[in-house]
Amino acid sequence: MNLIRFDSHRAWVRGVASWWRDRLRLNPQLTMCLPTGLTPLPIYEEMVRSVRSGHASFSQASIWGLDEFGDIPRDDPGRLENTLRRHLVDAIDLAPDACHFLDPSRPDLDDQCRRFGPAGGFDLVLLGIGANGHLGMNEPGSAADSPTRRVELHDSTIAAAARYFDHDRLPRWGATVGLGPILSGNEVWLLATGASKADIVRRIVRDEINEELPASLLRRHANCSLLVDADAGARP
Ligand code: F6R
């Protein structure tokens with residue numbers, strides 16, 4: 001895993017967006033797995049500006065949403081699909097049928113999970129980090145080869161999800177792309193910003209590689225970058 005520390009949050013946004021534009025130029029048909037949460041939103045906004053100014057195009061690319069909360073109404077703005085649509089998908093030149101989301105409200109969730117993702121695996125996986133080291137909704141203890149599936153959320157993840165909603169009916173479960181397909185991605189970028197992520201960034205880099213700390217498993221990946229701003233990378 002390469003640890004890349006940018007001097008400021010602004011430099012981090014520009015740097016990651018520049019890498020992303022390069023990947024799209026090299027492979028216009030890039031297949032991507034994308035998270036929501038708060039961390040990647042400024043990068044998505046930078047990519048929207050890049051598309052508008054003609055410096056990037058998603059017209060041949062495809063996107064899969066990394067995860068989705070259960071028992072949240074389809075029109076709730078805090079739903080992860082709605083967040084990703086608002087900040088990226090609806091503002092770029094992606095083909096309407098090139099965007100895929102898990103829908104935990106449908107009765108065929110197991111089937112959806114089995115079929116989710118591109119045939120050859122993801123070219124590029126972007127991830128945020130939970131304070132407990134979760135990736136997507138793969139909580140501590142998830143197996144390194146876990147498939148895309150329904151999961152129960154840990155209490156700290158439920159509490160952290162309060163930031164995404166304007167009400168207190170918080171999700172207790174969800175569906176997530178598993179660690180298996182994440183770790184099989186050709187390239188993985190783990191994103192972290194802000195002082196509140198400094199401890200977990202340090203643990204990911206220093207602690208023993210362990211399923212109790214899912215993000216540490218990325219250290220075995222041949223092409224993974226941990227991309228942090230100065231605050232998140234303050235305690236390497
Ligand atoms: C979101 C997701 C989560 C977040 C993580 C960090 O799709 O899968 O794993 O990436 O909880 O969230 P933020 O970025 O809000 O700190």
Side-chain angles (χ1 to χ4, degrees), residues 9 12-13 16 32-46 63-70 72 76-89 99-104 113 116-117 122 124-142 146 148-166 170-183 185 188-204 211-218 224-229 231-233:
H9 186 261
W12 175 84
V13 172
V16 178
M32 290 161 278
C33 182
L34 299 184
T36 52
L38 302 182
T39 306
L41 302 184
I43 294 171
Y44 295 161
E45 281 149 20
E46 184 76 12
I63 286 174
W64 280 260
L66 175 63
D67 45 16
E68 188 56 273
F69 293 124
I72 298 294
D76 190 310
R79 213 175 132 105
L80 300 181
E81 172 175 349
N82 295 335
T83 306
L84 195 59
R85 286 192 182 281
R86 218 167 41 244
H87 287 271
L88 183 73
V89 169
C99 179
H100 313 269
F101 293 97
L102 292 162
D103 182 356
C113 289
F116 200 68
F122 297 109
L124 177 63
V125 180
L126 268 63
L127 299 165
I129 315 173
N132 63 0
H134 69 219
L135 295 178
M137 292 179 189
N138 295 282
E139 298 282 23
S142 301
S146 53
T148 299
R149 67 203 186 286
R150 178 190 162 124
V151 286
E152 303 303 314
L153 301 177
H154 285 196
D155 288 347
S156 65
T157 304
I158 296 169
R163 295 171 300 155
Y164 311 142
F165 295 97
D166 56 9
L170 299 178
R172 308 197 66 79
W173 63 279
T176 187
V177 170
L179 292 177
I182 287 174
L183 294 169
V188 180
W189 298 348
L190 184 55
L191 309 172
T193 56
S196 67
K197 297 286 168 78
D199 277 338
I200 191 64
V201 165
R202 181 186 160 84
R203 288 189 57 209
I204 290 165
E211 287 176 352
E212 288 306 316
L213 188 62
S216 69
L217 299 170
L218 291 169
C224 173
S225 300
L226 171 52
L227 300 159
V228 302
D229 70 355
D231 290 340

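For reference, positions follow the sequence shown, starting with 1. Counting starts at 1 for both ligands and their atoms, following the listed order. Model, not experiment: these values are computed from the prediction.
- If you look at T157 next to ligand 1, there are no close heavy atoms at all, none under 4.0 Å.
- A donor-acceptor contact shorter than 3.5 Å is absent between the side chain of R150 and the backbone of G70.
- For atom 10 (O) of ligand 1, the closest non-hydrogen atom of the protein is G128 CA, 3.3 Å.
- A side-chain donor-acceptor contact under 3.5 Å links E68 to the backbone of L80.
- Atoms of ligand 1 found under 4.0 Å from any heavy atom of G37, numbered from 1 in the order shown, are 1 (C), 14 (O), 15 (O).
- The atoms of ligand 1 that sit less than 4.0 Å from any heavy atom of P35 are 7 (O).
- Within ligand 1, the atoms closer than 4.0 Å to a non-hydrogen atom of I129 are 5 (C), 6 (C), numbered from 1 in the order shown.
- Among protein heavy atoms, atom 12 (O) of ligand 1 sits closest to Y164 OH, 3.1 Å.
- Evaluated for a side-chain contact (heavy atoms from CB on, under 4.5 Å) with C33, the options V125, L124, I63 yield exactly one hit, V125.
- Between L135 and ligand 1, a contact under 3.5 Å exists for no N or O pair.
- Considering backbone and side-chain atoms alike, L80 places every N or O at 3.5 Å or more from each N or O of ligand 1.
- When the options L84, L66, I43 are evaluated for a side-chain contact (heavy atoms from CB on, under 4.5 Å) with L34, the one that passes is L84.
- Side-chain N or O atoms of D229 include one that pairs as donor or acceptor with a backbone N or O of G194 at under 3.5 Å.
- Side-chain contact between K197 and T39: present, with at least one pair of heavy atoms (C-beta onward) separated by less than 4.5 Å.
- Looking at heavy atoms from C-beta onward, N82 lies out of side-chain contact with T36 at the 4.5 angstrom threshold.
- Heavy-atom contacts of K197 reach the following atoms of ligand 1: 6 (C), 13 (P), 16 (O) (cutoff under 4.0 Å).
- At a heavy-atom distance under 4.0 Å, only side-chain atoms of D67, from C-beta outward, approach ligand 1.
- Using modelled atom types, no side-chain atom of E81 and backbone atom of F101 make a donor-acceptor pair closer than 3.5 Å.
- Of the protein's non-hydrogen atoms, the one nearest atom 3 (C) of ligand 1 is G136 O, 3.7 Å.
- Each of the following atoms of ligand 1 lies closer than 4.0 Å to a heavy atom of H134: 3 (C), 5 (C), 9 (O), 11 (O).
- In this structure, R202 contributes its side chain and D199 its backbone to no donor-acceptor pair below 3.5 Å.
- Checking side-chain atoms of N138 against main-chain N and O of L135 turns up a donor-acceptor pair under 3.5 Å.
- Proximity of L66 to ligand 1, defined as any heavy-atom pair under 4.0 Å, is confined to the side chain (atoms from C-beta onward).
- At the shortest separation from atom 14 (O) of ligand 1 among protein heavy atoms lies T39 OG1, 2.5 Å.
- Short contacts between ligand 1 and T36, defined as distances under 4.0 Å to a heavy atom of the residue, involve ligand atoms 1 (C), 7 (O).
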